[in-house]
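All heavy atoms count here, side chains included; hydrogens, waters and symmetry mates do not. In this text, all values refer to a predicted model and were calculated from it rather than measured experimentally.
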Amino acid sequence: MLYKFIRKQRMKKGMTQEYLAGELGISRPTYMQIESGGREPTISEAKKIAGIFGISIENLLVEKDAKIVVKIKQKKVKKTHPLQIRVTEENLEKFKQVLLYILNKVGGKPNIGETVLHKLLYFIDFDYFEKYEENLMGAVYIKNHHGPTSVALSSIIKKMQKQGDLEAVKSQYFKYRQKKYLAHKRPNLEILSAQEVEHIDDVLARLSDKNALEIEKYSHEDIPWKSAKDGEVLSYESVFYRDEKYSVRNYNDPI
């Protein structure tokens with residue numbers, strides 16, 4: 001289908017929706033309708049899109065790649081594709097500092113157990129990506145029955161326990177048993193920018209009072225979780241299809 005082809009071509013070239021919308025002279029929400037199939041591009045828009053992708057209008061309409069262009073752009077995708085999230089050593093270090101920041105800030109609350117931690121990390125990462133179109137931690141999250149789950153959290157916690165950075169404790173929260181983590185050191189804020197800290201504080205202020213069941217139900221209505229299959233990696237790009245309840249960005253403002 002044409003809208004899928006357009007989205008595929010944009011992602012291949014590492015272009016943002018904001019960029020394409022600007023080139024077409026339309027708002028981002030309007031462009032998002034094109035990529036979701038809710039609106040067909042006009043002839044004028046289709047010609048501009050084809051030109052941006054380096055293919056003919058005929059090839060665009062029949063959803064056919066230009067072979068030479070694809071070969072060139074495949075090399076660039078590895079560097080600029082917005083969905084190819086890799087948890088590098090630098091990101092893992094930032095992940096650890098964000099975890100310590102959360103535990104120091106709200107870890108003492110009785111509701112902050114392992115389940116809530118997964119969801120807080122998820123919203124910190126995905127909300128930041130929606131706001132600024134760049135990664136904060138860039139961690140990988142998958143869809144499971146209890147909501148978005150960080151792939152890295154378990155292994156990072158084990159390493160931090162061995163290093164004495166935190167400890168795990170069992171506690172009772174009403175009738176439920178839960179695993180909590182106590183931080184033994186403060187985060188290295190030199191790794192986090194002022195913008196990142198402000199963003200984390202915003203997420204914690206909004207969500208850290210929710211218990212495991214509340215934040216689990218809340219996460220189940222977010223588009224990245226709803227649009228994925230069980231066990232599948234959640235797509236950062238899908239945050240741009242959020243509804244007003246979950247969207248954290250004013251799309252009328254520049255990044």
Chi angles and distances behind the side chain to side chain contact (heavy atoms under 4.5 Å, CB included) call for Leu182, Leu166: CA-CA 5 Å; Leu182 303 178; Leu166 55 77; over 6 Å; no

Ile43 vs Glu40, side chain to side chain contact (heavy atoms under 4.5 Å, CB included): CA-CA, chis, key distance, verdict: CA-CA 9 Å; Ile43 295 298; Glu40 289 289 333; over 6 Å; no

Test side chain to side chain contact (heavy atoms under 4.5 Å, CB included) on Leu2 and Leu60 and set out the steps. CA-CA 8 Å; Leu2 181 58; Leu60 176 71; 4.2 Å; yes

Run the side chain to side chain contact (heavy atoms under 4.5 Å, CB included) check on Val169 and Tyr181 step by step: do they pass? CA-CA 6 Å; Val169 296; Tyr181 297 98; over 6 Å; no

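In this structure, Tyr236 and Ala139 approach most closely via the heavy-atom pair OH-O, 2.6 Å. Taking both residues in full, the closest heavy atoms of Ser27 and Thr30 are given as OG-OG1, 2.8 Å, listed atom of the first, atom of the second, then distance. For the pair Ile112 and Val106, the tightest heavy-atom approach, listed with the atom from each and the gap, is CG1-O, 3.2 Å. Shown here for Ile6 and Phe53, the closest heavy-atom pair between the two residues is O-CZ, 3.7 Å. Here the shortest heavy-atom pairing between Pro187 and Asn104 reads CD-ND2, 3.5 Å. Closest non-hydrogen pair, Ile49 versus Pro41, comes out as CD1-CB, 4.3 Å.
A donor-acceptor pair is defined here as one N or O able to donate and one able to accept, closer than 3.5 Å; no such pair exists between the side chain of Asp125 and the backbone of Asn135. Although no hydrogens or angles enter the test, the distance criterion places no donor-acceptor pair under 3.5 Å between the side chain of Ser208 and the main chain of Ala205. Side chain of Asp222 to backbone of Pro224: no donor-acceptor contact under 3.5 angstrom is found. Between the Arg10 side chain and the Met15 main chain, a donor and an acceptor come within less than 3.5 Å of each other.
Of the options Tyr141, Tyr246, Trp225, a ring pair (Phe, Tyr, Trp, His ring centres under 6.0 Å) to Phe126 is made by Tyr141 and by none of the others. Remark: of the listed residues Asp209, Leu213, Ile215, Leu213 is the sole one forming a side-chain contact (heavy atoms from CB on, under 4.5 Å) with Asn211. In summary, of the residues considered (Ile102, Ile124, Leu121), a side-chain contact (heavy atoms from CB on, under 4.5 Å) with Val203 occurs for Ile124 alone.
Side-chain atoms of Leu153 and Ile156, non-hydrogen and from C-beta on, never get closer than 4.5 Å to each other. You'll find the side chain of Ile26 reaches within 4.5 Å of the side chain of Ile34, heavy atoms only. Tyr19 has its side chain within reach of Thr16: a pair of non-hydrogen atoms, C-beta onward, lies under 4.5 Å apart. Considering only heavy atoms from C-beta on, Leu100 comes within 4.5 Å of Met160 through its side chain. For the pair Ile200 and Leu192, the minimum side-chain heavy-atom distance is below 4.5 Å. Between Asp201 and Lys105 the shortest side-chain heavy-atom distance falls below 4.5 Å. The shortest side-chain heavy-atom distance between Leu99 and Ile157 falls under the 4.5 Å cut-off.
Within the model, atoms CD1 of Ile223 and OG of Ser235 stand 11.0 Å from one another, a figure rounded to the nearest 0.5 Å. How far OH of Tyr241 is from OG of Ser227: 10.0 Å, rounded to the nearest 0.5 Å. Between Glu35 atom CD and Gln17 atom CD the span is 4.5 Å, to the nearest 0.5 Å. Annotation: the span from Tyr132 atom OH to Leu136 atom CG amounts to 9.5 Å, rounded to 0.5 Å. Put simply, CG on Leu207 and OH on Tyr122 are 11.0 Å apart, with the number rounded to the nearest 0.5 Å. Note that NZ of Lys180 is 8.5 Å distant from CG of Leu103, once rounded to the nearest 0.5 Å.
Met1 belongs to a hydrophobic cluster whose remaining members, ordered by chain and number, are Tyr3; membership requires side-chain heavy atoms of ILVMFWY residues under 4.5 Å apart, directly or through intermediates.
Residues Val197 and Val248 do not share a hydrophobic cluster, defined by chaining ILVMFWY side chains whose heavy atoms lie under 4.5 Å apart.
The existence of a salt bridge linking Glu232 and Lys143 is excluded, since no basic side-chain nitrogen approaches an acidic carboxylate oxygen closer than 4.0 Å. Between Lys94 and Glu196 there is a salt bridge, with a side-chain nitrogen of the basic residue lying less than 4.0 Å from a carboxylate oxygen of the acidic one. Between Arg242 and Glu221 there is no salt bridge, since no side-chain N of the basic residue sits under 4.0 Å from a carboxylate O of the acidic one. Using a cutoff of 4.0 Å between basic side-chain nitrogens and carboxylate oxygens, Glu45 and Lys48 are not scored as salt-bridged. Electrostatic pairing of Arg28 and Glu133 counts as a salt bridge here, judged by a charged N lying under 4.0 Å from a carboxylate O. In summary, Arg249 and Asp127 do not engage in a salt bridge, as defined by a charged side-chain N under 4.0 Å from a carboxylate O.
The 12-atom threshold is not exceeded at CZ of Arg186, counting heavy atoms of other residues, nucleotides or ligands nearer than 6.0 Å.
Residues Ser247 and Glu130 have side chains that bring a donor and an acceptor to within less than 3.5 angstrom of each other. For the 3.5 Å distance criterion, the side chains of His220 and Lys226 fail to qualify, holding no donor opposite an acceptor.
Stacking of Lys119 on the aromatic ring of Tyr218 is not recorded, the 6.0 Å distance cut-off and the 45° axial limit not both being met.
Applying the side-chain hydrogen bond (donor to acceptor under 3.5 Å, both in side chains) rule to pairs touching residues 147-165 yields Asn144-Thr149, sequence neighbours excluded.
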